[in-house]
Amino acid sequence: MDLPGTLSCDDELRHWPTDEAQARAVQDRLRPYVRLDEPGPQPGFAGTVVGVDVAYDDERDVVAAAAVALDARTLAVVDEATAVGRVSFPYIPGLLAFREIPTVLEALTRLTHTPDLVVCDGYGQAHPRRFGLASHLGVLTGLPTIGVAKNPFTFRYEPPGPERGATSPLLDRDAPGDDGEEVGRALRTQKGVKPVFVSVGHRVDLERACAHTLHLAAAYRLPETTRAADSLCRRALASA
DNA sequence: GCGACAG
DNA sequence: ATCTTGTCGC
């Protein structure tokens with residue numbers, strides 16, 4: 001499968017950071033490659049939406065990643081792939097990408113066809129340095145990406161209305177001046193259920209990121225992409 | 001220094 | 001993320 005990336009994934013993987021200072025430097029170096037000026041695929045487009053997720057086994061120091069491709073319109077599973085690796089980085093808030101991306105990339109490249117949109121567990125622009133997991137994966141692959149997280153991280157928001165589809169801005173905590181910058185949105189995907197937190201990764205705007213998420217979460221709180229990838233990486237870990 | 005903190 | 005059974009409710 002071909003990736004439309006500007007830089008070499010392999011080079012980045014070869015120079016993967018081993019400590020916090022190096023990791024932050026990588027984020028600062030790659031941050032300028034994020035593209036926020038493209039609207040991204042139309043909601044309802046003909047193509048595939050791919051969900052990625054990872055599961056860990058601390059005992060064995062093993063990580064399993066899954067990539068599941070769904071038909072963007074019907075949400076039927078059309079392809080899936082997994083990869084197993086060693087945990088290469090500790091969990092540090094703000095540096096999640098360095099823990100997850102190497103194995104995720106391997107699973108992603110094992111898919112038969114190039115994804116049209118990738119949905120990540122976590123954040124993209126909603127990040128202390130505006131370079132969360134989804135943006136990082138987007139820049140490395142060149143693919144349109146969005147982040148859908150289950151928690152608001154360090155960001156502030158007012159609860160959206162109770163109806164499915166209601167949104168409210170996710171605001172940077174202590175931005176100087178007014179309310180703070182909108183770094184993402186809290187999106188109510190199911191009536192009366194806790195919202196999910198959507199942010200742009202790469203080559204998709206926030207409006208469409210939310211529209212795709214809502215479409216993917218027609219039946220449950222979380223997008224079907226996330227549910228499918230979560231289920232698959234757990235199974236991959238169990239049989240690894 | 002203390003607390004908070006995606007997965 | 002992960003440790004973990006039953007249980008309340010639609």
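Just so we're on the same page: letters track the sequence lines, and every chain starts at 1.
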Rounded distance (Å) that lies between atom P of dG7(B) and atom CG of Leu237(A): 18 Å
Integer-rounded Å distance: dC5(B) P and Tyr157(A) OH: 12 Å
Below 4.0 Å: OP1/OP2 of dA6(B) and any side-chain N or O of Arg99(A): no
Sugar-phosphate, base or nothing in reach of Gly147(A), heavy atoms under 4.0 Å: nothing
d(CZ, Phe153(A); P, dA6(B)) in whole Å: 6 Å
Arg129(A) CZ to dA6(B) P, straight-line distance once rounded to whole Å: 14 Å
Touch class at under 4.0 angstrom, heavy-atom based, for Leu133(A) against every strand present: base
Check ion pair Arg14(A)-Asp11(A) (N to O, under 4.0 angstrom): yes
Spacing between Phe197(A) atom CZ and dG7(B) atom P, to the nearest angstrom: 10 Å
Glu59(A) CD to dA1(C) P, straight-line distance once rounded to whole Å: 18 Å
OP1 or OP2 of dC5(B) under 4.0 Å from side-chain N/O of Asn151(A): no
Atom-pair distance (OH on Tyr123(A); P on dC5(B)), nearest Å: 11 Å
Minimum-distance nucleotide to Thr154(A) side chain [options: dC5(B), dA1(C), dA6(B)]: dC5(B)
Face-to-face contact Tyr91(A) to dG7(B) six-ring, under 5.5 Å, under 30°: yes
Any side-chain donor near an acceptor of the partner, Arg129(A) and Gln27(A), under 3.5 Å: yes
Between Glu100(A) and Tyr91(A): side-chain donor-acceptor atoms closer than 3.5 Å: no
Short N-O contact, Arg29(A) and Glu12(A), less than 4.0 angstrom: yes
Any Lys150(A) side-chain N or O less than 4.0 Å from OP1/OP2 of dG7(B): yes
Pi-cation contact, Phe197(A) with Arg185(A) (under 6.0 Å, within 45°): no
Sugar-phosphate only, base, or nothing, as touched by Leu95(A) at under 4.0 Å among non-hydrogen atoms: base
Distance, rounded to the nearest Å, where Leu96(A) contributes CG and dA1(C) contributes P: 10 Å
Sugar-phosphate, base or nothing in reach of Ala55(A), heavy atoms under 4.0 Å: sugar-phosphate
